[in-house]
Amino acid sequence: MDAKTDLDISEDVLLRKGARKAADIPDQIHSLLQAGHIESVNLTEWLAVDHILLFQQVAQELRMDAETREITEQLTQMNEQRIMKIIPAIANQWLALLERLGDNERMHHFRFLADHRSDSVRCWAAYIIGLDSRLNLNEKLNRIRPFAADHHFGVREIAWMAVREPITAELLDAVALLVEWTIDPDPLIRRFAIESTRPHGVWAKHIQQLKENPAMALPLLDHVKSDAHKYVQDSVSNWLNDAGKTNPEWVRQVCDTWIQQSDTKHTLRIVARGQRSL
């Protein structure tokens, strides 16, 4: 039951670019994705995975077929294919299952999911953290950190979505905790701090407090106003673009201030993209 077991996967498969349309995904690739043997390499593949079938596969790997049979039926009856609905639904079921286990077994099973070769399975693990009511905000952020720094784009996106509701519920505390993240050497961690607090966000509920008062997040934004990494720059500029939908004048003022404080090519790119919709 080792999620990291080496499989005989050809280099051509591992280094593929990925199909542009779901219908063009080769049968072999689709089968490997569905079995959890390989990661998706683009959004098309990521969205093409049937999470209920994958849930059954992982349950077999953990020898939990009997315990999960009823859950599989419930998930099937949901008839839900939207990625941002089915991932939390499956994570919630895993959380309930894990809570019935002893500490050692629960930890072993969670690590199995968190370290799984399938990016989709690691997405479930990230959401388990966000949904766990026994964890406080600081504990959730600490535990979500490896997923925020995951090498896979899908896991990184799910990581901030998984804790967005706890962040919203304790926004001031979250901003204070995430300040350290904005000065982390890892750009993926810096990006998480910004992306998780975007006023509008993508595939996520809006944060009304930040739509009304975006200045609450300045302690985060100021640290990355001249970030050298494009991945972080895009997140900061998207944050400003979000804020500009409800507070355009505030965004203009912030951008003017940043240019005065840090007239670098990085800042100029951020403020240009951040004001693109004004």
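Small disclaimer: the values here were computed from a predicted structure and weren't measured.
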key: Worked check of side-chain contact (heavy atoms from CB on, under 4.5 Å) between Leu240 and Ser237   = CA-CA 5 Å; Leu240 293 174; Ser237 59; 5.5 Å; no

request  = Could you give me the CA-CA distance, side-chain angles and deciding distance for Arg117 and Ile38, then say whether side-chain contact (heavy atoms from CB on, under 4.5 Å) is met?
outcome  = CA-CA 6 Å; Arg117 56 187 170 263; Ile38 59 173; over 6 Å; no

request  = I would like to know whether Arg122 and Asp119 meet side-chain contact (heavy atoms from CB on, under 4.5 Å); could you show each step before the answer?
outcome  = CA-CA 5 Å; Arg122 299 201 302 279; Asp119 55 282; 4.0 Å; yes

task = Output, in order, the C-alpha distance, side-chain angles, deciding distance and verdict of salt bridge (charged side-chain N to carboxylate O under 4.0 Å, His left out) for Lys140 and Asp132.
result = CA-CA 8 Å; Lys140 288 184 178 184; Asp132 193 342; over 6 Å; no

request  = Please test Met216 against Leu172 for side-chain contact (heavy atoms from CB on, under 4.5 Å), starting from the C-alpha separation and ending with a verdict.
outcome  = CA-CA 8 Å; Met216 292 175 66; Leu172 286 175; 3.7 Å; yes

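Counting only heavy atoms from C-beta outward, the side chains of Lys245 and His200 approach each other to under 4.5 Å. Under the 4.5 Å side-chain criterion, counting only non-hydrogen atoms from C-beta, Arg273 is in contact with Asn238. Two residues are said to be in side-chain contact when any heavy atoms from C-beta on lie closer than 4.5 Å; Met161 and Trp203 meet this criterion. Leu178 places a side-chain heavy atom less than 4.5 Å from the side chain of Ile167. Residues Val121 and Glu61 form no side-chain contact, since every pair of their non-hydrogen atoms from C-beta on lies 4.5 Å or further apart. Looking only at side-chain heavy atoms (C-beta outward), Val41 and Arg16 come within less than 4.5 Å of each other. With contacts defined as side-chain heavy-atom distances shorter than 4.5 Å, the pair Ile86/Gln81 does not qualify. Side-chain contact between Asn241 and Arg276 is present, with at least one heavy-atom pair separated by less than 4.5 Å.
Rounding to the nearest 0.5 Å places CZ of Arg252 at 5.0 Å from CG of Leu278. If you take CZ on Phe147 and SG on Cys123, they are separated by 9.5 Å, rounding to the nearest 0.5 Å. From Leu75, atom CG reaches atom CD of Gln93 across 5.5 Å, with rounding to the nearest 0.5 Å. In this structure, CD on Glu80 lies 11.0 Å from CD1 on Ile87, to the nearest 0.5 angstrom. We find the OG1-CZ distance between Thr197 and Phe192 to be 9.5 Å, quoted to the nearest 0.5 Å. A distance of 13.5 Å separates CD1 in Ile90 from CG in Leu95, rounded to the nearest 0.5 Å.
Between the side chains of Asp222 and Trp258, at least one donor N or O lies within less than 3.5 Å of an accepting N or O. Judged purely by distance below 3.5 Å, without hydrogens or angles, the side chains of His151 and Glu39 pair a donor atom with an acceptor atom. Of the N and O atoms on the side chains of Glu212 and Gln208, at least one donor lies less than 3.5 Å from an acceptor on the other residue.
Applying the ring-ring contact (aromatic ring centres under 6.0 Å, His included) test to Tyr127 and every residue at least two apart in sequence or in another chain returns nothing. With sequence neighbours excluded, no residue forms a ring-ring contact (aromatic ring centres under 6.0 Å, His included) with His223.
No donor-acceptor pair under 3.5 Å is formed between the side chain of Ser235 and the backbone N or O of Val232. Under the 3.5 Å distance criterion, the side-chain polar atoms of Thr68 are matched with a main-chain donor or acceptor of Met64. For the pair Arg156 (side chain) and Ala148 (backbone), a donor-acceptor distance under 3.5 Å is absent. A donor-acceptor distance shorter than 3.5 angstrom exists from the side chain of His109 to the backbone of Glu105, with no hydrogens or angles considered. Checked by atom type and distance alone, the side chain of His116 pairs as donor or acceptor with a backbone atom of Ser118 at under 3.5 Å. Remark: side-chain polar atoms of Gln209 are not paired, donor with acceptor, to backbone N or O of Leu171 under 3.5 angstrom. A donor-acceptor contact shorter than 3.5 Å links the side chain of Thr246 to the backbone of Lys211.
Using bins of under 30°, 30° to 60° and over 60° for the plane-to-plane angle, the ring pair Trp250/Trp239 lands in the tilted bin.
The nearest pair of heavy atoms linking Ala126 to Ile158 is CB-CG2, 4.2 Å. Here the closest heavy-atom approach between residue Pro199 and residue Ala243 is recorded as CG-N, 4.3 Å. Pairing each heavy atom of Ile207 with each of Ser196, the nearest pair is CD1-O, 4.1 Å. The two residues Ala48 and Gln34 make their nearest non-hydrogen contact at O-OE1, 4.4 Å. Closest approach of Ala193 to Leu220, counting heavy atoms only: O-CD1, 3.9 Å. Pairing each heavy atom of Glu45 with each of Gly18, the nearest pair is OE2-CA, 3.7 Å.
Leu218 and Ile183 are assigned to two separate hydrophobic clusters, defined by single-linkage of ILVMFWY side chains at heavy-atom distances under 4.5 Å. Linking Ile, Leu, Val, Met, Phe, Trp and Tyr residues whenever their side-chain heavy atoms come within less than 4.5 Å leaves Leu188 and Trp181 in two separate clusters. Under the 4.5 Å side-chain heavy-atom criterion for ILVMFWY residues, a single connected hydrophobic cluster contains both Ile29 and Leu14. Ile71 and Met78 fall within the same hydrophobic cluster, defined by Ile, Leu, Val, Met, Phe, Trp and Tyr side-chain heavy atoms under 4.5 Å apart, directly or through other members. Ile25 and Val13 fall within the same hydrophobic cluster, defined by Ile, Leu, Val, Met, Phe, Trp and Tyr side-chain heavy atoms under 4.5 Å apart, directly or through other members.
For CE of Met84, the number of neighbouring non-hydrogen atoms (other residues, nucleotides, ligands) closer than 6.0 Å is greater than 12. Around CD of Glu180, the count of heavy atoms belonging to other residues, nucleotides or ligands within 6.0 Å does not exceed 12. The number of heavy-atom neighbours closer than 6.0 Å to CD of Glu165, taken from other residues, nucleotides and ligands shown, is 12 or below. Summarising the local packing, CD of Glu249 is surrounded by more than 12 heavy atoms from other residues, nucleotides or ligands at distances under 6.0 Å.
Taking the charged nitrogens against the carboxylate oxygens, Arg191 and Glu157 do have a contact shorter than 4.0 Å, which makes a salt bridge. Of the charged side-chain nitrogens involved, at least one lies within less than 4.0 Å of a carboxylate oxygen, so that Lys230 and Asp234 count as a salt-bridged pair.
The only option from Asn138, Val163, Ile129 that meets the side chain to side chain contact (heavy atoms under 4.5 Å, CB included) definition with Arg143 turns out to be Ile129. When each of Leu98, Leu97, Asn104 is checked for a side chain to side chain contact (heavy atoms under 4.5 Å, CB included) with Leu101, only Leu98 meets the rule.
The cationic group of Arg198 does not satisfy the cation-pi geometry with Trp160, failing either the under 6.0 Å distance to the six-membered ring centre or the 45° limit from the ring axis.
Sorted by first and then second residue, the salt bridge (charged side-chain N to carboxylate O under 4.0 Å, His left out) pairs involving residues 83-103 (not counting sequence neighbours) are Asp103-Arg106.
Aromatic pair Phe55/His51: centroids not less than 6.0 angstrom apart.
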